[in-house]
Amino acid sequence: MTDDAGKPRRLRSAAWFDAPGREGINHRSWLKNQGYPDDAFEGRPVIGICNTYSDLTPCNGHLRALADHVKRGVWEAGGFPLEFPVTSLGESLMRPTTMMYRNLASMDVEETIRANPLDGVVLLVGCDKTTPALLMGAASCDLPTIVLSAGGMLNGKYQGRDVGSGTMLWQLGDQLKTGAITDAEARATESCMSRSTGTCMTMGTASTMASLCEAMGVALPDNGAIPAVDSRRARLAHLTGRRAVGLVKEDVRLSRILTREAFENAVVANAAIGGSTNAPVHLLALAGRLGVPHALADWDRLGRDVPCLVNLVPSGQYLMEDFFYAGGVPAVLRELGPRLHKGALTVTGKSLWQNVAEAPCWNREVIFPLDLPFKPQGGIAVLAGNLAPGGAVLKPSAATPALMKHRGPAVVFEDIADYDARIDDPALDVTPESVLVLKNAGPRGYPGFPEVGLLSLPKKLLERGCKDMVRLSDARMSGTAGGTIVVHVAPEAAAGGPLALVENGDVIELDVEARKLHLDVSDEELARRRARWTPRPDHEPRGYLKLYVDHVLQADRGADFDFLVGKSGARVFRGNH
Ligand code: FES
């Protein structure tokens, strides 16, 4: 290994293993208790395998097995693998929301990487927040880094038809509410929905982030769509281990991959795959760690006229297994060629375009061509107006076209408890033309910025066949959810944003084409309301929750902590004895 001047380059791990005297003895001796001879780690790139395996994160339940395949690749390429656990975030079990812990997990990752004799890192990720959390932590250290995703579950199958996780969950909830199905039927469906280990097999947030890792060049081709239990995922793990060593030898740090061009490619790719509204939140936070100029407005500017090419739930019909068999992310990127920064460097050592230029498509019902797209509007619409000075987002491909230009009276819920208590009240004054408004569900207000923005419709309207309404909040929504739903309103109500001032009956205007979200109330009246408004007391005066509420940024800045923006690099200032 040499540096740019052609001189021999010393590995970072050598600062531990070549340390003089007592320090070096200490570092080497305890590794030997694992049976490693000196030449296993001295002079070899040490590759940390950062694993989010946890029994509490079922989506990532197979990551220990995948880690073994990564290790084979690392050994084969002349590296020394060391696997370590980090905080895992399981979407299906954690309360009140995994999002509250994304930044905590990223701190765990950052500090563990920096504190240990690692030269490069493989990030084993899967369930929604594990991908951004690990990338954010790794970005703050900026070592050579490569991602391996868990892969999606096999397609759900129920009574001869496909059922998509997440999306089916929301439908089952509504069907149970109206009595359209029994508890027994719901139980049978839930068993059929989760047929294997792996992440949600819809184009939810996990699949979106796995696919965008490919588009950003931080994972190997096909990382996004190979099913979790397909042997090709294990082979990808092996190849990932090999490339981790190559990245160290070539000194390709994460910041050389995650450039402004990479983020812009991700925005375009997210539009084409009908990706999650959570993607901008995570990528804004990640760009903030790296100091890459990237703003919420970029999502509209770059994604606005990119059509949706992929016919996947929740925007369409098929599931991730079908996506992989149709050609997966490489086939989509090939279609997007003219829209991409083709020369962006990837972890293969080649450009993005070199990776995908020959990628085949095997099924045009699943992946459509750019000139004959699945839906004309992909992307994330970034809305602005007096109701959301910092912006708000909506996913056009999952919305009802007839509702994308709409004026209606607000039905306001002050918080999620208020919503739960009244949404199914037969006396609730609501019609299909109403706009459901939820306050105090943002980063500080809930707290934790949960995925409650879907807002299941009032029972009495569901029973009358109503399928969608305009809904609006400072919360997020699941990437598996669909509907005409405005989320991430910034600033949030709890931070004194105009959302806090909305009252029942106020007319709200949504015009997605004009990117407008307007509260039809005069400035004078809003000023009067603001004079009367008082912030709610914080939920918890101590511990992590206090740290979170005191330091979390708003949605338009990725909801990172203010003190984590920027990166510190991997330097450690002192030894330990
Ligand atoms: Fe883990 Fe959906 S619950 S990816």
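These figures come from a predicted structure and were not determined experimentally. For the single chain, residues carry numbers from 1 onward in sequence order.
- No option in Val121, Leu118, Leu82, Val74 other than Val74 meets the side chain to side chain contact (heavy atoms under 4.5 Å, CB included) test with Ile47.
- Using a 4.5 Å cut-off on side-chain heavy atoms (C-beta onward), Leu309 and Leu336 make contact.
- For Asp322 against Val366, the heavy-atom pair with the smallest separation is O-CG1, 4.1 Å.
- Side-chain polar atoms of Lys375 and Ser397 form no donor-acceptor pair below 3.5 angstrom.
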Worked verdict on Asp162 versus Val313 for side chain to side chain contact (heavy atoms under 4.5 Å, CB included): CA-CA 11 Å; Asp162 283 355; Val313 177; over 6 Å; no
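- Under the 3.5 Å distance criterion, the side-chain polar atoms of Arg334 are matched with a main-chain donor or acceptor of Ala359.
- Between the CG atom of Leu56 and the OG1 atom of Thr87 there is a distance of 11.5 Å, given to the nearest 0.5 Å.
- Aromatic ring pairs are classed by plane angle as parallel below 30°, tilted from 30° to 60° and perpendicular above 60°; the pair Phe263 and His294 is tilted.
- Ser54 and Ser88 form no side-chain donor-acceptor contact under 3.5 Å, judged by distance and modelled atom types alone.
- In this structure, Thr205 and Gly479 approach most closely via the heavy-atom pair OG1-N, 3.4 Å.
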For the pair Thr208 and His282, evaluate side chain to side chain contact (heavy atoms under 4.5 Å, CB included) and give the outcome as yes or no after the intermediate values. CA-CA 11 Å; Thr208 298; His282 299 320; over 6 Å; no
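- Look at Arg9 and Asp119 and you find no salt bridge, because none of the NZ, NE, NH1 or NH2 atoms lies under 4.0 Å from a carboxylate O.
- One N or O on the side chain of Asp142 and one on the backbone of Ser255 form a donor-acceptor pair closer than 3.5 Å.
- Between the side chain of Asn265 and the main chain of Leu340, no donor-acceptor pair closer than 3.5 Å is present.
- In this structure, the side chain of Arg12 engages the main chain of Asn116 through a donor-acceptor pair within 3.5 Å.
- Judged by distance alone, with hydrogens and angles left aside, the side-chain atoms of Asn51 form no donor-acceptor pair with the main-chain N or O of Leu66 at under 3.5 Å.
- Using a 4.5 Å heavy-atom cutoff, the side chains of Met477 and Thr277 are in contact.
- Counting heavy atoms from C-beta outward, Cys50 and Phe84 have side chains that approach closer than 4.5 Å.
- Proximity of Trp353 to Leu333: side-chain heavy atoms (C-beta onward) are nowhere separated by under 4.5 Å.
- For Arg301 and Asp298, the salt-bridge test passes: some basic side-chain N is under 4.0 Å from an acidic carboxylate O.
- Judged purely by atom type and a 3.5 angstrom limit, Glu335 uses its side chain to pair as donor or acceptor with the backbone of Leu370.
- How far CZ of Arg232 is from CD1 of Ile226: 7.0 Å, rounded to the nearest 0.5 Å.
- Taking the six-membered ring where the residue is Trp, Phe449 and His488 present perpendicular rings, their angle passing 60° and hence far from 30°.
- Although no hydrogens or angles enter the test, the distance criterion places no donor-acceptor pair under 3.5 Å between the side chain of Glu261 and the main chain of His341.
- Atom NZ of Lys350 has 12 or fewer neighbouring heavy atoms from other residues, nucleotides or ligands inside a 6.0 Å radius.
- Heavy-atom neighbours of Arg44 CZ from other residues, nucleotides or ligands within 6.0 Å: above the threshold of 12.
- Considering every non-hydrogen atom in both Ala150 and Gly126, the closest pair reads CB-CA, 3.8 Å.
- Atom CZ of Arg243 is separated from atom CG of Leu148 by 14.5 Å, given to the nearest 0.5 angstrom.
- Between Glu451 and Asn278 there is a side-chain heavy-atom pair separated by less than 4.5 Å.
- Side-chain atoms of Thr145 and Leu123, non-hydrogen and from C-beta on, do get closer than 4.5 Å to each other.
- No donor-acceptor distance shorter than 3.5 angstrom exists from the side chain of Ser276 to the backbone of Gly204, with no hydrogens or angles considered.
- A 6.0 Å sphere centred on CD of Glu76 holds more than 12 heavy atoms belonging to other residues, nucleotides or ligands.
- Nearest heavy atom pair, residue Ala244 against residue Val122, reads CB-CG2, 3.6 Å.
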Walk me through whether Leu319 and Glu321 qualify under side chain to side chain contact (heavy atoms under 4.5 Å, CB included). CA-CA 6 Å; Leu319 297 171; Glu321 228 187 304; 5.5 Å; no
Asp222/Arg235 under salt bridge (charged side-chain N to carboxylate O under 4.0 Å, His left out): CA gap, chis, key distance, verdict: CA-CA 11 Å; Asp222 284 328; Arg235 293 206 289 276; over 6 Å; no
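- Judged purely by atom type and a 3.5 angstrom limit, Thr199 uses its side chain to pair as donor or acceptor with the backbone of Gly151.
- Listed here is the closest heavy atom pair of Pro58 and Leu93: CD-CD1, 4.4 Å.
- The CG atom of Leu154 sits 11.0 Å away from the OG atom of Ser165 when rounded to the nearest 0.5 Å.
- The shortest side-chain heavy-atom distance between Ser351 and Lys342 does not fall under the 4.5 Å cut-off.
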Side chain to side chain contact (heavy atoms under 4.5 Å, CB included), that's the test. Do Arg195 and Lys157 meet it? Break it down for me. CA-CA 8 Å; Arg195 292 175 53 225; Lys157 299 279 181 187; 3.9 Å; yes
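- Using a cutoff of 4.0 Å between basic side-chain nitrogens and carboxylate oxygens, Glu110 and Arg114 are scored as salt-bridged.
- In terms of modelled atom types and a separation under 3.5 Å, the side chain of Lys395 and the main chain of Gly274 share a donor-acceptor contact.
- Using a 30° and 60° split on the angle between ring planes, Phe561 and Tyr548 fall in the perpendicular class, above 60°.
- For the pair Trp16 and Ala115, the tightest heavy-atom approach, listed with the atom from each and the gap, is CZ2-O, 3.6 Å.
- Counting only heavy atoms from C-beta outward, the side chains of Ser478 and Glu91 never approach each other to under 4.5 Å.
- Between Met136 atom CE and Leu283 atom CG the span is 10.5 Å, to the nearest 0.5 Å.
- To the nearest 0.5 Å, atom CG of residue Leu254 and atom CG of residue Leu143 are 9.0 Å apart.
- Under the 6.0 Å distance and 45° angle rule, Arg64 counts as a cation-pi partner of Tyr53.
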